[in-house]
Amino acid sequence: GYFGDYGGSFVPPELQAILDEITVAYNEIKDDPAFVAELTTLMKDFVGRPSALFHCKNLSDKIGGAQIYLKREDLNHTGAHKINHCLGEALLAKRMGKKKLIAETGAGQHGVALATAAVLVGLECDIYMGIIDIEKEKPNVTRMKILGANVIPVTRGTQTLKDAVDAAFEAYLADPVTQLYAIGSVVGPHPFPMMVRDFQKIIGIEARAQFQEKYGTLPNHIVACVGGGSNAMGLFTAFLEDKSVKIHGVEPSGKGLEDGKHAATLTLGKPGTLHGFKSYLLQDDAGEPLPVYSVASGLDYPGVGPQHSLLKDIERVEYVTAGDEETIDALFELSRTEGIIPAIESAHAVAYAMTLAKDLPKEESILINLSGRGDKDIDFVVENYGKK
Ligand SMILES: Cc1ncc(COP(=O)(O)O)c(/C=N/[C@H](C(=O)O)[C@@H](O)C(C)C)c1O
């Protein structure tokens with residue numbers, strides 16, 4: 001379960017036994033025709049896959065450089081890419097005879113997706129959420145409640161994502177037999193980073209085929225935002241062997257890299273251990289995770305998926321940043337040139353792609369993973385950034 005030196009599972013022995021059980025169960029079902037058929041059917045008929053590949057002609061013409069394309073994960077049922085791995089995790093839990101799915105959420109998209117998948121497979125669902133994020137992502141909290149999930153407020157620490165993960169892990173350790181921890185990104189101890197990536201890689205498989213079918217070639221650049229890293233690994237995986245495709249992961253530089261109000265783990269972090277796995281980590285001298293910040297709840301995590309750490313070290317992916325201001329500007333720009341309101345998380349990728357496009361010839365192409373829609377963010381954006 002390693003990606004170079006990264007990944008692994010640094011957990012208490014009793015949890016290791018449970019993780020081994022999950023690994024065995026996952027390896028048994030991942031190629032089981034019945035499981036694949038059930039997941040494929042739900043992806044098509046419930047999620048609405050394949051998601052569209054859209055050419056942003058207006059935005060591209062306005063910038064006057066490379067052609068910008070969007071993989072429309074915002075059009076999935078529940079509004080983001082999270083449903084891709086939540087469905088897989090829910091079906092796995094069902095097969096393992098679990099009674100409940102538990103997870104953390106920050107932006108609330110993973111929480112909504114897991115609550116949705118839990119209903120579908122007939123399992124209970126507990127979602128741990130920092131009270132700051134509960135306040136900021138109200139529409140998603142309401143949605144989780146309507147779906148019958150228990151939203152459990154987390155009041156410790158910075159009351160955001162990292163603390164929600166801590167609380168969810170503690171709850172899981174208290175009863176790992178009847179529950180499955182359906183982690184929200186390509187993070188956590190083995191097998192989670194591998195499993196979530198496997199459930200997400202449908203994004204890139206579809207996008208690569210769609211791009212070739214429509215344009216007879218591969219995109220020159222692909223771009224995705226990176227919080228824990230699941231939507232990025234979802235897009236990147238299918239292109240890793242295509243050396244002509246330049247790959248960019250965009251982390252939040254928030255209010256600026258110099259004053260610590262950011263979550264640019266791969267830019268400023270160094271290898272460390274958090275939540276049972278080894279990866280780049282924004283940490284203090286004692287190896288404790290530093291407080292992080294991003295205007296996007298889904299990106300303010302001090303760690304990052306271990307496969308991203310390897311891809312950085314081998315220089316297959318360039319990890320860059322986008323700040324709060326340029327991200328909000330990109331959110332409004334996409335809304336007012338293409339009529340698509342992106343999630344703030346996804347707008348980080350749009351901001352970087354817009355900058356990248358400027359200096360590239362019109363013949364070049366940039367494919368962005370639009371990981372989610374902005375419905376959850378509209379009040380926050382208007383209240384905090386006016387109507388721009
Ligand atoms: C629309 C959207 N885009 C990107 C992200 C960042 O998560 P990754 O794709 O795993 O880097 C997120 C992350 N959302 C999670 C959530 O909804 O709970 C996040 O806050 C935690 C699971 C990490 C998101 O909602």
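Start at 1 and go down the list; that is how both ligands and their atoms are numbered. Heads up: numbering here begins at 1 and tracks the sequence.
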- For Ala232, is the nearest heavy atom under 4.0 Å from an atom of ligand 1? no
- Are a donor atom and an acceptor atom from the side chains of Lys100 and Thr178 found within less than 3.5 Å of each other? no
- What are the two closest heavy atoms between Gly184 and Ser230, and how far apart are they? O-OG, 4.1 Å
- State whether the shortest distance between N or O atoms of Gly184 and N or O atoms of ligand 1 falls below 3.5 angstrom. no
- Task: Identify, by atom number and element, the atoms of ligand 1 in contact range of Gly372, meaning under 4.0 Å from any of its heavy atoms.
- Result: 1 (C)
- Donor on one side chain, acceptor on other, Tyr385 and Glu325, under 3.5 Å: no
- Task: Return the residue, atom name and 0.1 Å-rounded distance of the protein heavy atom closest to atom 20 (O) of ligand 1.
- Result: Ala107 N, 2.9 Å
- Among protein heavy atoms, which lies nearest atom 7 (O) of ligand 1, and at what distance? Lys82 NZ, 3.2 Å
- Aromatic centroids of Tyr128 and Tyr181 separated by under 6.0 Å: no
- Using a strict cut-off of less than 4.0 Å between a Lys/Arg side-chain nitrogen and an Asp/Glu carboxylate oxygen, indicate whether Arg95 and Asp32 qualify as a salt bridge. yes
- Item | Location of contacts on Val186 toward ligand 1, heavy atoms closer than 4.0 Å | neither
- Message: Using a plain distance cutoff, I'd like to know if His110 has any nitrogen or oxygen under 3.5 Å from a nitrogen or oxygen of ligand 1.
- Response: yes
- Return the orientation label for the His308 and Phe236 ring planes: parallel under 30°, perpendicular over 60°, tilted otherwise. perpendicular
- Considering only heavy atoms of Gly227, which atoms of ligand 1 have at least one such atom less than 4.0 Å away? 11 (O)
- Query: Got a salt bridge between Arg156 and Glu170, using NZ or NE/NH1/NH2 to carboxylate O under 4.0 Å?
  - Reply: yes
- Message: Which of the numbered atoms in ligand 1 are under 4.0 angstrom from any heavy atom belonging to Glu104?
- Response: 22 (C)
- Using a strict 4.0 Å cut-off to heavy atoms of Gly229, name the atoms of ligand 1 that fall inside it. 8 (P), 10 (O), 11 (O)
- Note on the structure: Looking only at heavy atoms, the pair that brings Leu310 and Phe3 closest together is CD2-C, 3.6 Å
- Query: Does the N or O separation between Cys225 and ligand 1 drop below 3.5 Å for any pair?
  - Reply: no
- Item | Flag for Gln67-His55: side-chain donor and acceptor within less than 3.5 Å | yes
- Item | Close N or O approach (Gly106, ligand 1; < 3.5 Å) | yes
- Examine Ser230 against ligand 1 and note whether any of their N/O atoms are separated by less than 3.5 Å. yes
- Of Ser371, Gly108, Ala103, the residue with the heavy atom nearest atom 3 (N) of ligand 1 is Ser371
- Note on the structure: If you scan protein heavy atoms around atom 21 (C) of ligand 1, the nearest is Leu161 CD1, 3.6 Å
- Task: Report the C-alpha distance between Leu281 and Thr273 in whole Å, list the side-chain angles of each, state the deciding distance to 0.1 Å, and finish with yes or no for side-chain contact (heavy atoms from CB on, under 4.5 Å).
- Result: CA-CA 7 Å; Leu281 174 65; Thr273 302; over 6 Å; no
- Under 4.0 Å from one or more heavy atoms of Leu299, ligand 1 contributes atoms 6 (C)
- Task: Identify which of Val112, Val165, Thr105 has a heavy atom lying nearest to atom 18 (O) of ligand 1.
- Result: Thr105
- Does a side chain donor of either Lys62 or Thr337 reach within less than 3.5 Å of an acceptor in the other side chain? no
- Task: Return the option from Ser297, Gly298, Ala296 holding the heavy atom at the smallest distance from atom 6 (C) of ligand 1.
- Result: Gly298
- Query: For ligand 1, which atoms sit closer than 4.0 Å to a heavy atom of Gln109?
  - Reply: 16 (C), 17 (O), 25 (O)
- Contact check, His81 vs ligand 1, heavy-atom distance below 4.0 Å: yes
- What is the distance from atom CZ of Arg143 to atom NZ of Lys376, rounded to the nearest 0.5 Å? 10.0 Å
